[in-house]
Visitor: 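Below: one structure in structure tokens.
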Amino acid sequence: MKPFIGVQELRNDLRAKKYSAVELAHFYLDCISELNDSINCFITVDADRCLDRAAAADRHLAESDPQPLCGIPIAHKDLFCTAGLRTTCASNMLGSFIAPYDSTVVKQIAEAGAVTLGKTNMDEFAMGSSNETSWFGVVRNPWNLSRVPGGSSGGAAASVSSGMTPLATGSDTGGSIRQPASLCGITGLKPTYGRVSRFGMIAFASSLDQGGPLAHSASDVYELLAAMEGHDPQDSTSADIGKTVLPESDRSFVIGYPESLFDDLDKNIAACIERARQQFEALGHRIEVVELPHIDAAIAAYYVLSSAEASTNLARYDGVRYGHRTDVSEDLLDMYCRSRTEGFGLEVKRRILTGTYSLSVGYFDAYYLKAQKIRRLVRDGFLSAFESVDMILAPVTPNTAFEINSLKADPVEMYKQDLYTIPVSLAGLPALALPCGFVDDLPVGMQLIGPHFAEGEVLAGGMAFQGETDWHEHHPSLESASTS
Ligand code: GLN
């Protein structure tokens, strides 16, 4: 067995009995034991149940019609509730929380036959761009252990990138699948808002949160999306739209190129995306320059809106109904205060404070309402661009993976990491992040942004690109990460 195998090969090998699902689970569990101490991707590893489920998968594989992901290992971001296995959201507040039910995403993926290895590290409550806000410690980038993996799905991205799992779930509120996928050199999709159920996914900003897949390639991302998506009556914003369908493989697209977005971009990163643009042209796709107005106001609007929603969503963690409860308190109010003070980290508190402020009487119109108007303008800008193009090619991050601790003390600098991902989130659009080169031995990503529910088209664009290039087949050497 070798690391970094794709879904199709794993499926063929399992069905051909080259190895069993139990052997495969052992392979990945061993890989986790070897690498996790230095990379810190997993908060919880569920070895016993993983092996039980792998044994059940072997029984299914012996039948004539096993499920699509039967026996294939997966890691879940630690904000998807898993019955009987703790779900921490990387917070002390939920450090010992065990959900009584599975989230829809976890349930559907299990029904598709995948075998859960464990739960991955993340920024606390998915707030961050570097995985440095986790109560369970920073995750290290497999390409360079002194760098961050991105966030908030940093554990998910690093676990795939380092070969500890072939598939991982993540969530993206303002970039949390695409940015870590790019910084770790893997492929990740933020689906259209409503494509994947949010039921049982711990909420950060409910009008933006969206679960999605991370993997080694666009075709593996498509396989996992097929297991995650679908209408769910338990999520009132879930879309009843049917499955993602790939277009004909020879279809040529008109790809929008938002030239002005590249003005301030690092020249080496811009060069990687420019080369990808030429590769798309060589593949027979047409490039058309597009304008995306109001993008420069998107970060400010996002941090007002997402923090406002977070302050509301996180009100439930009072140490009574949910979450950590302090050991010492003088009265009821003191108990609430101490529980929340002890349970939440600094960044989460910052969001609750600013979010509560912007919702308060007297400030609502100046901040929240204005941010909503900007959100609409950003969305309209994309929709008018999509009148003439099928998808848009854009950067994901302004830089490659940065040093651990280098931005942590400056929240505004950290927020600027989301410059290219947040507009897409505000508009609720699907976007596929995929690798397109290296700068100083660190991976560079680009994103293909589609109109609402055009996952099939952006995935087809990604598959076409990956059919001609091998950036997604580069893997970190991991010598310094190995403990054996
Ligand atoms: N970095 C952004 C934030 O901190 C996005 C996080 C996310 O998408 N969950 O809000």
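When a ligand or atom number is given, it counts from 1 through the structure's own listing order. Numbers here simply count residues along the sequence, with the first being 1.
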Visitor: Counting only heavy atoms closer than 4.0 Å, does ligand 1 sit against the backbone of Tyr303, its side chain, both, or neither?
Guide: side chain
Visitor: Can you tell which part of Arg351 has a heavy atom less than 4.0 Å from ligand 1: side chain, backbone, both or neither?
Guide: side chain
Visitor: Give yes if a backbone or side-chain nitrogen or oxygen of Ser171 is under 3.5 Å from a nitrogen or oxygen of ligand 1, and no if not.
Guide: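 N/O-N/O distance under 3.5 Å: no.
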Visitor: Please state whether the rings of Tyr317 and Phe344 are parallel, tilted or perpendicular, taking 30° and 60° as the class boundaries.
Guide: perpendicular
Visitor: Does Asp418 approach ligand 1 within less than 4.0 angstrom via side chain, backbone, both or neither, non-hydrogen atoms only?
Guide: side chain
Visitor: Taking atom types as modelled, is there a side-chain donor on Asp78 or Thr44 under 3.5 Å from an acceptor on the other?
Guide: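 No, Thr44 and Asp78 have no side-chain donor paired with an acceptor closer than 3.5 Å.
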Visitor: Ignoring angles and geometry beyond distance, decide whether Ser306 reaches within less than 3.5 Å of ligand 1 through its nitrogen or oxygen atoms.
Guide: no
Visitor: What part of Ser176, side chain, backbone, both or neither, has a heavy atom within less than 4.0 angstrom of ligand 1?
Guide: both
Visitor: Can you confirm, on distance only, whether ligand 1 has an N/O atom lying under 3.5 Å from any N/O atom belonging to Gly175?
Guide: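 It does: an N or O of Gly175 is found under 3.5 Å from an N or O of ligand 1.
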Visitor: Consider every N or O of Gly174 and every N or O of ligand 1, then say whether any pair is closer than 3.5 Å.
Guide: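 Min N/O separation from ligand 1 is below 3.5 Å for Gly174.
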Visitor: Could you label the plane-to-plane angle of the Phe438 and His474 rings as parallel, tilted or perpendicular, counting under 30° as parallel and over 60° as perpendicular?
Guide: tilted
Visitor: Examine ligand 1 and decide if any of its atoms is less than 4.0 Å from a heavy atom belonging to Tyr302.
Guide: yes
